[in-house]
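Shown next, in structure tokens, is the structure this report addresses.
On a predicted model such as this, the values are computed, not experimentally measured, just so you know. Both counts, for ligands and for their atoms, begin at 1 and track the order of listing.
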Amino acid sequence: MAKETSIYPLNIPAIEVNEDLDFLLLELPPRFKPLLPHGLGYVNNILKSTGISFQTLDVNIICYHRYHSKRLLVGNNPVILSNSIKMREEPWDESDTSEWHKEEVVDYFWPHLEEVIQEIIKKRPKSVGISSNCNNRFIAFKFINAIRESVPEILFIAGGYDCIHNENSKHLLHFYDYVVIGEAEMTLPFLVTALAQNEKPKDVPGVISRFDTPGRAAAIPLPPHDLDLYGFPQYEWLDTELYRNFTGERHAVISSSRGCNWRRCRYCNDKLIFRKRSPAKVAAEIEFWVKKGFRLIQFNDSDINGDYTALYELCSEIIKRKLNVKLLGQQRVDKHNTREFFQHLAKAGFFHLSFGVDGWSDHILRLQGKGYNMKQVFQNLRDCYESGIHVIASAVVGVPGETDDDVAETIANFIKCKNYITLIGTLRPLELLPGSIYFQNQAKYKISFLGDKEQIIRDYPINIPNDLWFSEEPYIDKKIRFERVDHITRVLLENGLPFSHFLKSNF
Ligand code: B12
Ligand code: SF4
């Protein structure tokens with residue numbers, strides 16, 4: 001029997017590919033929550049501007065509703081997978097993405113993907129673009145191979161989260177014909193127009209391909225500068241009513257800026273230059289979603305307060321327009337985040353801010369290159385919380401140079417902030433990401449690999465497995481990083497710090 005909260009039955013669209021397409025744009029599962037596919041929406045806008053014949057197909061949202069409607073209406077709950085283990089009730093929960101890395105889970109969803117494959121084989125679009133991320137990457141490889149066996153002439157283009165840098169995108173050319181590096185506004189129009197004319201362009205700026213001249217220099221991403229020129233995604237390919245979870249919750253996704261104004265955190269590979277949209281245009285976008293019945297708005301900005309005056313102005317605009325919204329986003333700890341600033345944000349509707357505090361002692365903050373100190377962390381979290389905005393805080397543990405004293409200080413400082421933290425969102429060991437300052441300056445940070453470095457990078461171009469690297473002075477390897485995370489989590493739980501359900505369930 002259906003649960004009371006369920007939105008089913010729902011009119012779920014069929015999987016259909018149009019005839020005579022120059023380009024088919026696909027979102028394969030998973031994208032979590034499920035959110036409006038923000039990047040895909042921007043790519044859809046880019047394609048609209050080219051005049052080619054294209055279709056955007058969000059396979060993820062169709063799989064999501066097919067799965068949950070079956071689970072709730074037919075009573076297929078829990079789903080028992082081929083090896084007799086139970087699939088998690090909500091495989092789209094972003095707090096634990098491991099489900100999609102299990103072969104049995106992919107097998108379970110494969111019949112839906114097979115429908116898309118058969119449609120593509122039948123309708124033969126000239127090229128297919130896939131938004132690749134760390135959780136759908138392997139599904140996409142399998143998907144491409146299955147199509148190539150029947151129709152080898154279709155060209156595949158990758159873009160999205162997996163393709164931020166030249167370095168970590170090269171390996172995708174084993175499967176794809178072209179990879180668009182980073183944001184696509186400046187590069188995709190030329191590429192898709194040429195492909196529509198049956199050309200196979202090579203050495204395209206901002207794009208890498210199987211057809212490039214051997215030894216070509218790295219393709220540099222070409223991010224657009226004036227973001228106001230590109231409008232905002234409206235997801236016209238589907239009724240936006242479908243973008244809600246099985247209980248009916250939904251939220252709109254917005255970027256008021258792209259990139260980061262700091263760009264110096266040493267573990268981070270998000271190195272895009274900061275650009276912002278004009279506050280009035282962002283407020284107009286929010287108003288658009290409010291008129292469509294959305295009240296909850298998530299900001300996808302990496303650095304929402306990268307220009308704090310623009311954020312302040314945006315909030316003034318929201319207040320002036322009397323938009324009755326609830327806003328959430330990720331905020332960087334900063335000296336400009338005064339109590340008055342947070343009060344203004346709260347007045348506009350901010351009710352939830354995630355702070356990537358990451359380092360919880362002055363020493364670790366310096367090691368991580370965060371650009372602020374613990375005094376500012378205390379002030380930011382306190383003033384945010386006391387302004388009525390929920391505070392989500394995170395930590396990254398086991399960075400090069402971190403000592404046992406730092407671990408003790410981390411615990412003490414978390415406890416000191418206990419009354420100002422609504423939830424500890426993530427507390428995780430450092431991951432070594434290609435493109436990060438740590439990765440690019442291994443000698444400086446005393447990082448070594450267990451095995452041949454070049455081979456490890458070839459095998460794991462997106463992130464280096466935890467057990468294949470360590471740092472020295474003091475010695476920190478995977479075991480120590482995980483032990484530190486476990487120890488800090490355990491002591492904080494004992495002291496009543498609020499952890500997300502997923503983090504708690506691991507203890
Ligand atoms: C906001 C954000 C979130 C939000 C919302 C994510 C969402 N699903 O929308 C939340 C907090 C929920 C989140 C969660 C996670 N995130 Co996050 N997040 C971001 C962030 C900061 C911004 C994403 C964004 O909206 N950018 C703006 C839009 C406009 O850009 P875009 O989507 O990239 O699209 C452009 C291009 O990529 C390209 N493009 C996109 N699709 C396609 C397709 C084709 C064919 C082409 C040609 C081009 C193309 O064109 C678009 C327009 O220019 C990025 C960092 C970043 N700067 O991108 C990390 C990032 C996406 N997150 C990341 C990770 C790892 C996660 C988590 C897995 C973390 C975790 N362990 O819990 C989860 C799960 C993410 C998921 N799959 O849904 C990684 C992804 C790495 C990867 N290879 O997949 C990133 C890149 C951070 C990083 N540098 O490591 N995240
Ligand atoms: S972690 Fe956040 S603040 Fe630091 S460089 Fe990356 S995006 Fe910028």
Side-chain angles (χ1 to χ4, degrees), residues 23-27 29-47 56 60 92-98 100 127-137 156-165 168-169 176 178-188 191-192 207 221 223-224 227 230 232-233 253-255 257-272 274 298-306 328-334 354-356 358 368-372 392 394 396 425-426 428 431 433-437 461-463 502:
F23 193 81
L24 172 66
L25 176 64
L26 292 178
E27 174 90 327
R31 174 184 290 260
F32 293 93
K33 271 190 185 181
L35 287 168
L36 284 159
H38 192 53
L40 205 76
Y42 271 106
V43 179
N44 184 74
N45 280 3
I46 299 169
L47 294 170
T56 300
N60 178 54
W92 275 268
D93 173 5
E94 92 273 14
S95 59
D96 177 11
T97 59
S98 61
W100 292 89
S127 48
V128 175
I130 297 178
S131 202
S132 180
N133 67 53
C134 53
N135 299 302
N136 72 12
R137 186 186 310 147
F156 287 92
I157 293 96
Y161 300 160
D162 266 351
C163 315
I164 290 178
H165 309 286
N168 67 9
S169 304
Y176 291 86
Y178 290 89
V179 180
V180 174
I181 309 290
E183 295 166 43
E185 278 78 2
M186 308 287 285
T187 46
L188 193 60
L191 178 64
V192 291
V207 176
L227 296 182
Y230 302 98
F232 61 87
V253 182
I254 292 224
S255 297
S257 66
R258 292 189 192 172
C260 171
N261 214 359
W262 176 248
R263 287 189 290 149
R264 273 173 266 181
C265 303
R266 295 190 174 121
Y267 67 80
C268 175
N269 67 354
D270 199 351
K271 295 276 181 48
L272 299 169
F274 182 77
Q298 170 173 313
F299 282 83
N300 259 18
D301 302 46
S302 296
D303 190 12
I304 195 172
N305 53 327
L328 59 152
Q330 308 183 63
Q331 182 98 357
R332 185 160 48 84
V333 173
D334 189 87
S354 297
F355 290 82
D358 297 343
Q368 295 190 3
K370 297 297 289 188
Y372 45 78
I392 318 298
S394 68
V396 173
T426 58
R428 58 170 186 255
E431 284 184 41
L433 301 174
S436 65
I437 294 175
I462 306 250
N463 57 348
F502 170 66

To the nearest 0.1 Å, how far is [atom] from its closest protein heavy atom, and which atom is that?
atom: atom 75 (C) of ligand 1; value: F32 CD1, 4.1 Å
atom: atom 8 (N) of ligand 1; value: R31 NH1, 3.3 Å
atom: atom 38 (C) of ligand 1; value: G182 O, 3.7 Å
atom: atom 29 (C) of ligand 1; value: Y42 CD1, 3.6 Å
atom: atom 87 (C) of ligand 1; value: N269 OD1, 4.9 Å
atom: atom 54 (C) of ligand 1; value: D270 OD2, 4.7 Å
atom: atom 80 (C) of ligand 1; value: Y161 CB, 3.8 Å
atom: atom 86 (C) of ligand 1; value: I164 CD1, 3.4 Å

Just to be sure I read this right, does ligand 1 sit under 4.0 Å from the backbone of [X], its side chain, both, or neither, counting only heavy atoms?
X: N300; result: both
X: I130; result: backbone
X: L40; result: neither

### Heavy-atom gap Q298 to ligand 1 smaller than 4.0 Å
yes
### Message
Which option wins on minimum heavy-atom distance to atom 30 (O) of ligand 1: G435, S169, G39?
### Response
G39
### Message
Pairs of nitrogen or oxygen atoms closer than 3.5 Å, one from V43 and one from ligand 1: do any exist?
### Response
no
### Query
How about C265: does one of its N, O or S atoms come closer than 2.8 Å to atom 4 (Fe) of ligand 2?
yes
### Query
Is it true that some N/O/S atom of C268, main chain or side chain, lies under 2.8 Å from atom 8 (Fe) of ligand 2?
no
